[in-house]
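Along the sequence shown, residues are numbered consecutively beginning with 1. One-based numbering, in listed order, for ligands and for the atoms of each. Just so it is clear, the model here is predicted, and its values are computed rather than measured.
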Amino acid sequence: MTVASKTQEYTSKFKVPVIDFYPYLHGSQDEKLMVGKEMVSAMEEVGFMYVMNHGISQEDQDEIFRWSERFFKLSLQQKSKCPHPEKGEHHRGWSSVGKEKAVQLFDKVNLEKLKRVPDVKESFDLGNENNKKHYNIWPDEEDIPGFKQYCQYYFKLCDSTSKLILRSIALGMNLPEDFFIPYHSQSDNQLRLLHYPPILQQDLNEGKAERIGAHSDFGTITMLLQDSCGGLQVECPRGSGIFVDAPCIPGSLVINTGDLLMRWSNNQLKSTLHRVCAPPVDDTSKGQGNCISKVRYSVPFFVQANPTSLIEAIPGTFDRNHPKMYEPIFAGDYIDMRMNCTY
Ligand SMILES: O=C(O)CCC(=O)C(=O)O
Ligand SMILES: [Fe+2]
């Protein structure tokens, strides 16, 4: 069977599960537990899920996309006033197209090879305003009045939503509901605005450029808003090398397990490869030889444990038959090591 026909077969067979969070927010203890179990089984089997009725209103979702568009439409000179620092671990400010490359590898030789195919995206990253080490790097208020204020509000909104999601996952793992909360007390998360400019479809298809190459996320979980452009794909089944589409479901958050949570759960919860590839061709450029893809905007929120949290196998994820797979590690050391590979 060819890869193309296998992809077609898998796309119809395997789907990223859709979970309704409403019963967790408004239901009885039994209903909450049921949602937690659904989430945990999605994370065990696929590592990805769509979550509906998560509590972030449609208005707020639309508003963050509007701010993102406004930011990326600033002139180069205006965006250059808030540059991302050279070192990857201080993940704040504006990264121009080609600056960052999502990679899966840790060794330098392959890293350099992979970096030759650029990720055609630009991003703006921000974190908790209280983080003095990795301080935020904002554009000039006069260039985009209100941007900083809205981003800070949206960061807090995602942060409180993330705490509910973490509670639900803990329930689903038969842990005390607040198990993950002290490990995330510093809200050392990262909000990222992503803009994938239109690009020659041919370059994407021929592997001369990528939107975002196959990678897994580093932290505890990621909560992603995507626009209707398309192109997000998830490896499914995990380890198969086959990527199935994860199209936009309006209003949903796409939530996936990060590498640290996989390690923390002794591999019970899976962190899965995903990528953004060629979206459907923009109708306006059809038939002109060099097709231009649509523009894509997305807004991931990376939930990360406190840097000083010691991450070791969660009780209940190991026993005599399932020994611990990893050495304990500080969350901060792990995240910094992964971030420094991408710049
Ligand atoms: O743009 C997207 O939808 C995916 C972004 C992503 O996977 C990431 O930033 O880690
Ligand atoms: Fe990702």
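- Taking any N or O of D217, backbone or side chain, at least one lies under 3.5 Å from an N or O belonging to ligand 1.
- Judged by the 6.0 Å and 45° rule, R192 forms no cation-pi pair with F301.
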| task | Dump the intermediate steps for ring pair (Phe, Tyr, Trp, His ring centres under 6.0 Å) on Y153 and Y150, then the final yes or no. | result | CA-CA 5 Å; Y153 160 79; Y150 191 80; 5.4 Å; yes
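- Regarding atom 3 (O) of ligand 1, its nearest protein heavy-atom neighbour is R296 NH2, 2.5 Å.
- At distances below 3.5 Å, not a single donor-acceptor pair connects side-chain atoms of S252 with backbone N or O atoms of V254.
- Each of the following atoms of ligand 1 lies closer than 4.0 Å to a heavy atom of H274: 7 (O).
- Near S298, the atoms of ligand 1 lying under 4.0 angstrom from a non-hydrogen atom of the residue are 1 (O), 2 (C), 3 (O).
- A salt bridge is absent between R92 and D125: the closest approach of a Lys/Arg side-chain nitrogen to an acidic carboxylate oxygen does not fall below 4.0 angstrom.
- The distance from ligand 1 to the heavy atoms of L224 drops below 4.0 Å at these ligand atoms: 2 (C), 3 (O).
- Close approach to F302 involves these atoms of ligand 1, each under 4.0 Å from a residue heavy atom: 8 (C), 9 (O), 10 (O).
- Considering backbone and side-chain N/O of Y196, one or more are found under 3.5 Å from N/O of ligand 1.
- Between the NE2 atom of H215 and the NE2 atom of H274, the angle centred on the Fe ion (ligand 2) amounts to 90° when rounded to 10°.
- At distances below 3.5 Å, not a single donor-acceptor pair connects side-chain atoms of N256 with backbone N or O atoms of D217.
- Looking only at its N/O/S atoms, D217 has OD1 as the one nearest to the Fe ion (ligand 2).
- Not a single heavy atom of R211 sits under 4.0 Å from any atom of ligand 1.
- Every atom of ligand 1 is numbered from 1 in the order shown, and the set under 4.0 Å from a heavy atom of P300 is 9 (O).
- The closest approach between a heavy atom of H215 and any atom of ligand 1 is below 4.0 Å.
- A cation-pi arrangement, defined by a distance under 6.0 Å to the six-membered ring centre and an angle within 45 degrees of its axis, is present between K324 and F318.
- Aromatic rings of H91 and H134 (six-membered ring for Trp) have centroids beyond the 6.0 Å cut-off, not under it.
- Under 4.0 Å is where a charged nitrogen must lie from a carboxylate oxygen, and between E235 and R238 no such pair does.
- Counting the atoms of ligand 1 from 1 in the order shown, those under 4.0 Å from a heavy atom of L194 are 1 (O), 5 (C), 9 (O).
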| task | Decide ring pair (Phe, Tyr, Trp, His ring centres under 6.0 Å) for F302 and F218; before the verdict, give the C-alpha distance in whole Å, the side-chain angles of both, and the deciding distance to 0.1 Å. | result | CA-CA 8 Å; F302 301 99; F218 319 149; 7.5 Å; no
